Amino acid sequence: MADKYPHHQIEPKWQQYWDENKTFKAADFSEKPKYYILDMFPFISGAGLHVGHPEGYTATDILARYMRMRGFNVLHPMGWDAFGLPAEQYAIETGVHPSKKTTENIATFKRQIQSLGFSYDWDREINTTDEKYYKWTQWIFLKLFEKGLAYEAEVPVNWCPALGTVLANEEVIDGKSERGGHPVVRKPMRQWMLKITAYADRLLADLDEVEWPDSIKEMQRNWIGRSEGANVHFNIPVIEKNITVFTTRPDTLWGATYMVLAPEHPLVNSITTTEQKEAVQAYQNQAGLKSDLDRTDLAKEKTGVFTGHYATNPVNGEQIPIWISDYVLMSYGTGAIMAVPAHDERDYAFAKKFKLPIMEVVSGGDISTEAFTEIEEGVMVNSTTPDGTFSINGLKPSQAIGKTIEWLEAERKGEYAVQYRLRDWLFSRQRYWGEPIPILHDEDGGVFPLSDSDLPLTLPVLEKIKPTGTGESPLANAKEWVRVVDPDTGKVYRRETNTMPQWAGSCWYYLRYLDPDNDKAGWDPEKEKYWMPVDLYVGGAEHAVLHLLYARFWHKVLYDLGYVSTKEPFQRLINQGLILGEDGDKMSKSRGNVINPDDVVREYGADTLRLYEMFMGPLERAKPWSTKGIEGIFRFLNRVWRHFVSEGDQLQHISNKIAPDQGTLRQLHATIKKVTEDLESKSFNTAISQLMILNNHFRTLEAVPRESFEIFVLLLSPFAPHLAEELWERLGHSTTLAYEAWPEYDQQYLFENMIRFAVQVNGKLRDTFDISTDATKDEILQKAKSLEKIIKYIEGKTVVKEIVVPKKLVNLVVK
RNA sequence: GCCGUGGUGGCGGAAUUGGUAGACGCGCUGGAUUUAGGAUCCAGUCUCCUCUGGAGGUGCAGGUUCGAUUCCUGUCCGCGGCACCA
């Protein structure tokens, strides 16, 4: 191993140099154009970094370094997302306070990240659990509250009576608690909600303004789930009230043969007959145990109970039975639907199971076998009011929808409506390790926000973090903290004991990086105007919907209040794919396939790890780790080093005297072009293979001209910065190459005077030939047809078509 | 189930305004060097066949085209998300 290149010396040396010289400190305000490149900061767990983290971090680091060399003022920060479940669970199990464990874990993450030589401006490091940070998270919550976007509601949670605590979905497996296997029930509990639905239309519309992958935009659009239709009012004679349903298909009103309410619908009790009471209540209890996912999408078999009463169909006066079923969700629409089994698949399945009538109002399908749901095909039938004054018969469903809404509005039986699938954000957690919600309650149910000057509201230090047994947060155990007495009035308040979800801190961290030490404000508006928006945001695809939607929502609220100057926080977004274990499975402790970057750095060095992570394949794709693959990259860096640095530690095979030959110039400039273009398109893997090709070429030369080699070193430097800095220094430069100008290619060296053409006969490759680049089409054809192998194929046949693709191929079609 | 995404040699992958499939790397085979092993260097390496040539080949089945990994239809399988993991 003696002849391996000395990464153990080189890497710490340059990390120390960058640190001491603050090489990567980002200046607020500059003549240069700014570039804000952001990583999704890591969620801190006890497991430390795994090789999946550095994938995105390496990609952004390469681009950050590249952009500096292109003359940009680059902001590239890092911080820690450190509230959340793991530290709290650890505390419950071991008695170690979450803040202690979190501090240790952060130290590990930081050491690991720094060992990879990323060019972060460490003066901007942030930590969501730092009270100087979460003071401003709480401040934003107060802004949301003042704007009426935070409210309390009764919402079901996963309640585990045996553990005396509320569980996260993740902690519930098949209706049992992960720890102990105790039964878990859905229990309504008072919760803080954020009214993200008030921003649904803007969250949807402004997706057009950001440069994100179409697939991510599509997922967000589907998540928001805008649908247009009508609210229709059905009279319920027994209670002399209306129940409003939302439907996207008001044209099928004449086909509504029954109505379904969500089991939790507030009117269920009042419209249930005595005979049905028992069955309805049993069903309600049962439905309460299921999650929405179990109730709707995963439920193959429909269930439900008849309430015993009827509703009046507003278009024809018919009495239709009212059922309850868990495929109707209280959280979507009005919690009630009109069921049109002939033209809705779910209603069809339900009607078949409970033998309810199926009435065709759009002809064109076969409703004896399945629901017919087309709206551009088919013709409305049986759709006339009893008095004959209104009919949509004969129309296409898509035309009938609008006409029916007009009629409903005129008759005051309904109106146009837009519904979103997006639900308000359940914002409270019954946990200790989160930001305290800065709210006081009085005995009469009054809610009082703290004033800005009371912030931060810090977490009380608890001797032991343990469940309260009531479902309240462990904070409720901190009696003195919870009880607040107004010094002026003597009035007693109770602090909110719920805390914020982990998402809160990550909803605005990109703003805190702009001004991390400001204790007067979350950030300085001038700095915000200079740096925002984030020019490139890189992180895991698993955040495609939730984190990105929540952060966009907060940003828009801050925009409305004038605290930020851009409508959207993240102008460009890239999602990196998962790095899988060597066995092709997701890395996890239980599978034993986790690769620890510490081991890789020790064995091969940071540059090798960085290069390998990028060489594995396209950034966005999931790809398996390979120990053999990383050795290949290590060999490449070794070859670079050993070819140019002698045993005696002197530069070799580099000449000041010779000029580059044509072949070298062409390879060199092709490499500048390819690497530059690949960096622009984030195709890191192919950029690296091009660098390998150039190095392979260099190694065939007696000596490489110094200027050519320097260009190679600069091109390599964003990928393998330690090695590049070391070579740069040995080439006689006294300062870092981090701000050297990025090489530019010259088109003239790429020119070749001969070009290779492929010759196909009937689309099959038969031969190739070389010809001058300025050859005419006729010359090319003539040459192609004169080739021995080609003559064999066209002899005695008629050439019916001759295709010449410039600079590529000739195809002769013969009969 | 719904939404999104992917499927190319033994492996990771390359090549798409439709134009020579398999760049680069790994692995493997042979050779050089070495007391030996490792490391390093050189050459070869999609599969098959009747081998100076030819046939097949990009999950599967079709279609469009002079020509399809690329476009279209259908289908199978893997992965990510599904609102309290983040």
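These numbers were taken from a predicted model, which means no experiment stands behind them. Throughout, protein chains are lettered first and strands after them, A, B, ... in sequence-line order, and every chain is numbered starting at 1.
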Rounded distance (nearest 0.5 Å) linking atom CD of A/Gln430 with atom CE of A/Met189: 5.5 Å
Sugar-phosphate, base or nothing in reach of A/Gln690, heavy atoms under 4.0 Å: nothing
RNA chain B: 5'-proximal contact among A/Leu765 and A/Met692 (nearest heavy atom): A/Leu765
Aromatic plane relationship, A/Tyr5 with A/Phe634 - under 30° parallel, 30 to 60° tilted, over 60° perpendicular: tilted
Value in whole Å for how far the P atom of B/rC85 lies from CG of A/Leu426: 10 Å
Phosphate contact (B/rA14 OP1 or OP2) by A/Asn685 side-chain N/O below 4.0 Å: yes
Separation of the P atoms in B/rC66 and B/rC60, to the nearest angstrom: 25 Å
Nearest-angstrom distance from the residue atom CZ of A/Arg421 to P of B/rC82: 11 Å
Nearest-0.5 Å distance, CE of residue A/Met614 to NZ of residue A/Lys682: 13.0 Å
Sequence-distant partners of A/Glu677, side-chain contact (heavy atoms from CB on, under 4.5 Å), two or more places apart: A/Lys673, A/Tyr745
OP1 or OP2 of B/rU40 under 4.0 Å from side-chain N/O of A/Arg635: yes
Side chain of A/Arg639 - closest among B/rC82, B/rC41, B/rG19: B/rC41
C1' gap between B/rC41 and B/rG9, integer Å: 26 Å
Aromatic plane relationship, A/Phe757 with A/Phe769 - under 30° parallel, 30 to 60° tilted, over 60° perpendicular: parallel
P spacing across the pair B/rA43 / B/rU50, given as an integer number of angstrom: 30 Å
Any-strand Watson-Crick or G-U partner of B/rC82, both distances under 3.5 Å: B/rG1
Please write out the pairs of protein N or O atoms and N or O atoms of nucleotides 53-57 of chain B separated by less than 3.5 Å, giving the distance to one decimal.
from: B/rG54; atom 1: OP1; to: A/Tyr793; atom 2: OH; distance (Å): 2.7
from: B/rA55; atom 1: OP2; to: A/Arg766; atom 2: NH1; distance (Å): 3.1
from: B/rG56; atom 1: OP2; to: A/Lys764; atom 2: NZ; distance (Å): 3.4

Partner nucleotide, any strand, of B/rG18 [Watson-Crick/G-U, under 3.5 Å]: none
Distance between P atoms of B/rC11 and B/rC28 (Å, rounded): 14 Å
C1' spacing across the pair B/rG4 / B/rC49, given as an integer number of angstrom: 44 Å
Minimum heavy-atom distance A/Leu167-A/Leu163, with the two atoms named: CD2-CD1, 4.3 Å
Sugar-phosphate only, base, or nothing, as touched by A/Val759 at under 4.0 Å among non-hydrogen atoms: nothing
Euclidean distance, atom CG of residue A/Asp583 to atom P of B/rC11 [Å, nearest integer]: 16 Å
Salt bridge flag under 4.0 Å for residues A/Arg186 and A/Glu264: no
Partner nucleotide of B/rG27 by Watson-Crick or wobble geometry (both distances under 3.5 Å): B/rU45
Sugar-phosphate only, base, or nothing, as touched by A/Ser428 at under 4.0 Å among non-hydrogen atoms: base
Sugar-phosphate only, base, or nothing, as touched by A/Gln89 at under 4.0 Å among non-hydrogen atoms: nothing
Chi angles and distances behind the side chain to side chain contact (heavy atoms under 4.5 Å, CB included) call for A/Tyr134, A/Met500: CA-CA 10 Å; A/Tyr134 73 68; A/Met500 299 189 200; over 6 Å; no
Annotated protein contacts, base or backbone, on nucleotides 60-80 of chain B with a non-hydrogen cut-off under 4.0 Å, one of B, S, - each: ------B-------------B
Ring center gap for A/Tyr510 and A/Tyr537 short of 6.0 angstrom: no
Pair A/Glu542 + A/Lys586, salt bridge at N-O below 4.0 Å: no
A/Arg429 vs B/rC84: side-chain N/O to OP1/OP2 distance below 4.0 Å: yes
Nucleotide nearest A/Phe615 (side chain, heavy atoms from C-beta), chosen from B/rC85, B/rA83, B/rG25: B/rG25
Atom pair distance, as rounded to whole Å: CG in A/Leu691 and C1' in B/rG25: 13 Å
Paired nucleotide for B/rG6 [Watson-Crick or G-U wobble; both distances under 3.5 Å]: B/rC77
Length of the line joining A/Glu631:CD and B/rG38:P, which is rounded to integer Å: 13 Å
Nucleotide of B/rG12, B/rC24, B/rA15 approaching A/Ile693 most closely (side-chain heavy atoms): B/rC24
Touch class at under 4.0 angstrom, heavy-atom based, for A/Arg699 against every strand present: sugar-phosphate
Distance between C1' atoms of B/rU70 and B/rG59 (Å, rounded): 16 Å
Sugar-phosphate only, base, or nothing, as touched by A/Pro618 at under 4.0 Å among non-hydrogen atoms: sugar-phosphate
P spacing across the pair B/rG25 / B/rC42, given as an integer number of angstrom: 11 Å
A/Glu582 CD - B/rG27 P separation (whole Å): 12 Å
Closest to side chain of A/Ser689, choosing from B/rG7, B/rC84, B/rC24: B/rC24
Donor-acceptor pair between A/Trp192 and A/Glu496 side chains, under 3.5 angstrom: yes
Whole-Å C1' distance, B/rU52 and B/rU8: 31 Å
Given B/rU20, B/rC84, B/rG4, the nucleotide with the shortest approach to the side chain of A/Glu218: B/rG4
Under 3.5 Å side-chain donor-acceptor pair for A/Tyr793 and A/Arg766: yes
Selection from B/rU5, B/rC85, B/rC84 that lies nearest to any side-chain heavy atom of A/Val166: B/rC84
A/Ile216 CD1 - B/rG6 P separation (whole Å): 11 Å
Nearest to side-chain heavy atoms of A/Asn696, which nucleotide of B/rC85, B/rA21, B/rG25: B/rG25
Integer-rounded Å distance: B/rA83 C1' and A/Trp425 CH2: 11 Å
Single hit among A/Trp425, A/Phe427, A/Trp508 for ring-ring contact (aromatic ring centres under 6.0 Å, His included) with A/Tyr550: A/Trp425
Touch class at under 4.0 angstrom, heavy-atom based, for A/Leu167 against every strand present: base
Pairwise side-chain contact, A/Val675 with A/Phe719, heavy-atom cut-off 4.5 Å (strictly under): yes
Base partner of B/rA68, which must satisfy Watson-Crick or wobble distances under 3.5 Å: none
Base partner of B/rU35, which must satisfy Watson-Crick or wobble distances under 3.5 Å: none
Syn-anti status, with the boundary at 90° from 0, for the nucleotide B/rG30: anti
Syn-anti status, with the boundary at 90° from 0, for the nucleotide B/rC51: syn
